[in-house]
Amino acid sequence: MRLLTHNMLSSNIKGVANDFRLRIDIEKVVEKQIEWKALIDASRSMGYTKLPDEADPSMLDSDDFLQKFHHALLELHLEEGALVCPETGRKFPVNKRIPNMLLHEDEVPIWLIREVRLVKHRDCRWNFRCSATSFEEKIMLLRIKSGKTNIHLQVSLKLSLFISIAFKSTCRHHSSSETEIESERITKIINDHPFPDHPLHLTLCHQIPPVVLSPTFVENVLGRLFATHSNGLKAFEFFKYSLLHSQFCPSSDAFEKTLHILTRMCYFDKAWELMEEIRRSHLSLLTLKSMSIMLSRIARFQSYEDTLEAFERMEKKIFAGKKFGTDEFNILLRAFCTQRQMKEARSVFNQLHSQFSPNAKTMNILLLGFKESGDVTAVELFYHEMVRRGFKPNNVTYNIRIDAYCKKGCFGDGLRLFEEMKQINCSPTLETITTLIHGAGVARNTTKAKELFNEICMRNLLPDIGAYNALMSSLIRSRDMKSAASFIIASIR
DNA sequence: TTAGGGTTAG
């Protein structure tokens with residue numbers, strides 16, 4: 001199975017539009033019995049204005065990639081918040097924007113260019129509208145792959161612009177699941193509530209019967225509150241309400257979301273209060289992840305000393321006196337590293353390494369921190385220190401160093417480390433090769449990028465979305481549109 | 001927020 005994302009497609013089309021002015025081969029379209037007029041008419045009816053009136057010979061080109069692109073008949077239906085392909089019945093959920101789509105074998109791939117919005121008409125119907133500004137960007141290409149027939153090159157299929165959408169006036173914007181509808185309703189109530197002028201829990205008591213308070217529902221509401229940047233104190237109130245009234249044990253996800261919401265808005269007192277409460281009532285929810293959320297935010301918004309104090313407070317008070325070891329030490333270091341506070345990370349390491357025996361992961365966390373700060377010299381210096389201290393570099397160590405070079409445009413150095421890796425029997429991973437493909441792109445070396453992509457399969461690894469995106473972006477960066485187009489065709493076969 | 005890679009959009 002091959003995977004392809006909307007992003008890959010859209011970046012490719014953007015490149016096509018820029019470089020080729022999206023030469024639409026009218027003659028070929030007619031020759032292949034594709035209903036060009038239908039496409040134009042449908043586009044006009046959608047309000048597109050910059051449409052060519054007639055075939056412009058200068059737009060013709062012998063390149064056949066459009067022929068390969070323009071495959072399908074599209075008449076999608078919008079039902080209950082989902083796009084439905086009439087041929088296969090497969091549904092694609094629709095939110096404010098159609099999410100990135102993955103293309104699977106035997107499923108309907110949807111290629112979208114730029115942003116697509118659902119627009120509500122005055123008569124309560126829904127329709128699609130592209131937000132892009134030029135015709136090139138407004139065309140959306142869709143392809144239906146029938147289970148039995150390979151239609152890649154069978155361009156005699158009817159082409160019509162898919163935008164003729166059937167709709168239901170009753171359709172909902174989001175998923176049809178009852179939990180989602182209910183959580184959306186409760187989120188709105190919470191967001192509109194005048195808390196803290198009036199108590200929120202009374203409203204929640206009125207609006208949410210305890211039986212509705214499933215872990216999924218609670219996570220759903222908190223997720224929405226998180227996404228809408230709602231008042232953190234309201235989210236906290238809601239979570240406390242769920243702790244009191246739900247017949248289920250709260251999920252770690254709900255707890256972590258609440259912690260995220262509170263710390264993001266710097267409500268650290270409330271966050272500690274929440275941790276204390278969970279320590280008393282649901283100790284098992286206190287995990288390294290929740291500790292990491294808290295420490296990262298404190299490192300970001302408070303002082304170095306505050307962060308160290310918080311770490312101590314975690315050990316002595318929150319985590320029930322558990323003796324902290326390497327894992328917890330790594331979390332502390334990572335908190336500084338992710339905030340790019342490498343002086344602080346270094347200082348903590350020097351200060352505490354004798355107390356918490358560091359491991360290879362510890363060293364890689366620091367190495368990564370130096371890399372993210374964009375300091376290749378610091379990466380190499382720390383790498384040598386790591387070796388001097390007796391740590392054996394592993395795949396991750398090499399991947400970080402290779403990425404540091406590639407991001408700086410030193411592709412040759414990246415390749416050198418790649419060779420070194422192989423020589424010492426440290427097997428390159430999918431991440432190693434993806435990094436190098438990206439590095440080849442930065443160095444505008446598409447030949448090497450393609451070679452590296454092929455090496456993935458030669459090493460019995462399976463390319464994933466990251467690897468595809470890396471090659472696609474490398475090709476686009478070098479304006480190698482032909483390779484980009486054939487890469488797409490090859491990917492979906 | 002996960003010791004490592006890619007993309008976009010908000």
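Naming convention: chains lettered A, B, ... in sequence-line order (proteins, then strands); numbering from 1 in each chain. Below, each value reflects all heavy atoms present in this structure, side chains not excepted, and no hydrogens, waters or symmetry copies.
Between the side chain of A/S292 and the backbone N or O of A/L288 there is no donor-acceptor pair closer than 3.5 Å.
Rounded to an integer number of Å, the gap from A/M363 CE to B/dA3 P is 16 Å. Here the P atom of nucleotide B/dG4 and the CG atom of A/L461 are 18 Å apart, to the nearest Å. Atom-to-atom, CZ of A/F453 to P of B/dG5 comes out at 18 Å; the value is rounded to the nearest Å. Regarding A/I476, its CD1 atom lies at a distance of 10 Å from the P atom of B/dT8, rounded to whole Å. Distance A/E328 CD to B/dA3 P: 13 Å, rounded to the nearest Å. Protein atom CG of A/L367 is 10 Å distant from nucleotide atom C1' of B/dA3, rounded to whole Å. Regarding A/N364, its CG atom lies at a distance of 9 Å from the P atom of B/dG4, rounded to whole Å. As a whole-Å value, the separation of A/L415 CG from B/dG5 C1' is 15 Å.
The side chain of A/R477 sits closest to B/dT7 out of B/dT7, B/dG5, B/dG4. The A/E431 side chain lies nearest to B/dG5 when the options are B/dG5, B/dG6, B/dA3. Minimum atom distance to the side chain of A/A467 is reached by B/dG5, of the listed B/dG5, B/dG6, B/dA3.
Taking the charged nitrogens against the carboxylate oxygens, A/K270 and A/E277 have no contact shorter than 4.0 Å, which rules out a salt bridge.
Counting non-hydrogen atoms under 4.0 angstrom, A/T429 reaches a base of the nucleic acid. Counting non-hydrogen atoms under 4.0 angstrom, A/N394 reaches a base of the nucleic acid.
With no hydrogens or angles considered, no side-chain donor-acceptor pair links A/Q341 and A/Y304 at under 3.5 Å. Side-chain polar atoms of A/N364 and A/N394 form a donor-acceptor pair below 3.5 angstrom.
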In a table with atom names and distances, give each donor-acceptor pair under 3.5 Å that connects a side chain of residues 425-435 of chain A to protein atoms at least two apart or in another chain.
residue, atom, partner, partner atom, Å
A/T429, OG1, A/N399, ND2, 3.2
A/T429, OG1, A/E431, N, 3.3
A/T429, OG1, A/E431, OE1, 3.2
A/T429, OG1, A/T432, N, 3.3
A/T429, OG1, A/T432, OG1, 3.0
A/T432, OG1, A/N399, OD1, 2.7
A/T432, OG1, A/T429, N, 2.7
A/T432, OG1, A/T429, O, 3.3
A/T434, OG1, A/L430, O, 2.7
A/T435, OG1, A/E431, O, 2.6

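A close approach under 4.0 Å does occur between a side-chain nitrogen or oxygen of A/S473 and OP1 or OP2 of B/dT7.
Taking every heavy atom of residues 434-452 of chain A and every atom of DNA chain B, pairs under 4.0 Å involve A/T434, A/T435, A/H438, by number. Contacts between residues 403-410 of chain A and DNA chain B, counted as heavy-atom distances below 4.0 Å, involve A/D403, A/K407. DNA chain B lies under 4.0 Å from at least one heavy atom of each of the following residues of residues 371-380 of chain A: A/K371, A/E372.
Proximity of the aromatic rings of A/F487 and A/F453 is defined here by a centroid distance below 6.0 angstrom, and this criterion is met. Separation of the A/F329 and A/F311 ring centroids does not fall under the 6.0 Å cut-off.
Not a single side chain to side chain donor-acceptor pair (under 3.5 Å) links A/R313 to another residue, sequence neighbours left out. With sequence neighbours excluded, the residues that form a side chain to side chain contact (heavy atoms under 4.5 Å, CB included) with A/S483 are A/K450, A/L475, A/D480.
For the pair A/M386 and A/P393, the tightest heavy-atom approach, listed with the atom from each and the gap, is CE-CA, 4.2 Å.
The 12-atom threshold is exceeded at NZ of A/K257, counting heavy atoms of other residues, nucleotides or ligands nearer than 6.0 Å.
Side-chain atoms of A/D464 come within donor-acceptor range of the base of B/dG5, with a qualifying N/O pair under 3.5 Å.
Here the NZ-CG distance, from A/K361 to A/N330, works out to 6.0 Å after rounding to the nearest 0.5 Å.
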